[in-house]
Amino acid sequence: MSNPGPEHAADGLPAIEVFVGNMVRGVLEVVAGVRDPEQLARWMSEEVYRALLVRTSLAARARSARGVQMYRAVHHVRGIRLFSPREGALEATVIVSGRLRTRAIALRLETVERRWRITALHLL
């Protein structure tokens, strides 16, 4: 993988890994209903944002039908794999563990106007 950027976060990880981990946690909070999706909109393509809104709506209806309350789950990033298929694009696979389950999230990021934007997102 080519180096996505020279900057490093305070913990020594490349800044992109920190960004990816934070975005994945944010997406999971949106789906859980404890974060406003608008907070993540600037880092997503329009298509990804709309798909997240649909998934959030479906999750809210499912919780309502089952009588399940919203709660702020703590998600721990277990691993991040990055691959750069070309300059200005990254594909990431993130393994995240929560209280009830462990899941994989795949995303594609591309540079748009000198910042990373999520152009594909899949919660598995």
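Only a predicted model underlies this, so the values are computations on that prediction, with no experimental measurement involved.
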Ser57: partners by side-chain contact (heavy atoms from CB on, under 4.5 Å), with sequence neighbours left out
Arg61

Residues 18-26 side chain polar contacts: donor-acceptor under 3.5 Å, at least two apart:
unit_1: Asn22; atom_1: OD1; unit_2: Arg25; atom_2: NH2; d: 3.1
unit_1: Asn22; atom_1: ND2; unit_2: Val18; atom_2: O; d: 3.4

Who else is in the cluster with Val54 when I, L, V, M, F, W and Y are joined by side-chain contacts under 4.5 Å?
Leu58

Return each pair, listed once, that meets salt bridge (charged side-chain N to carboxylate O under 4.0 Å, His left out) where at least one residue sits in residues 40-55; pairs must be two or more places apart or across chains.
Glu46-Arg50

What side-chain donor-acceptor pairs closer than 3.5 Å can you find for residues 29-41, not counting sequence neighbours?
unit_1: Glu29; atom_1: OE1; unit_2: Arg35; atom_2: NE; d: 2.8
unit_1: Glu29; atom_1: OE1; unit_2: Arg35; atom_2: NH2; d: 2.8
unit_1: Glu29; atom_1: OE1; unit_2: Arg72; atom_2: NH1; d: 3.4
unit_1: Glu29; atom_1: OE2; unit_2: Arg72; atom_2: NH1; d: 3.4
unit_1: Arg35; atom_1: NH1; unit_2: Gln39; atom_2: OE1; d: 2.9
unit_1: Asp36; atom_1: OD1; unit_2: Glu38; atom_2: N; d: 3.1
unit_1: Glu38; atom_1: OE1; unit_2: Tyr49; atom_2: OH; d: 3.2

Straight-line distance of Glu87 CD to Glu110 CD, nearest 0.5 Å:
12.5 Å

Contacts of Arg78 that satisfy side chain to side chain donor-acceptor pair (under 3.5 Å) - sequence neighbours left out:
Ser97

Under a side-chain separation threshold of 4.5 Å, the hydrophobic residues clustered together with Ile95 are none

Do the side chains of Val112 and Ile118 join up, straight or via other hydrophobic residues, at under 4.5 Å, putting them in one cluster?
no

For Thr111, enumerate each residue passing the side-chain contact (heavy atoms from CB on, under 4.5 Å) test, keeping only those at least two apart in sequence or located in another chain.
Trp116

Under the side chain to side chain donor-acceptor pair (under 3.5 Å) rule, collect the residues that match up with Thr93, sequence neighbours excluded.
none

If you measure from the Lys or Arg side-chain nitrogens to the Asp or Glu carboxylate oxygens, is any gap between Arg108 and Glu91 under 4.0 Å?
yes

Keeping Thr56 on the side-chain end and Leu52 on the backbone end, is there a donor-acceptor pair under 3.5 Å?
yes

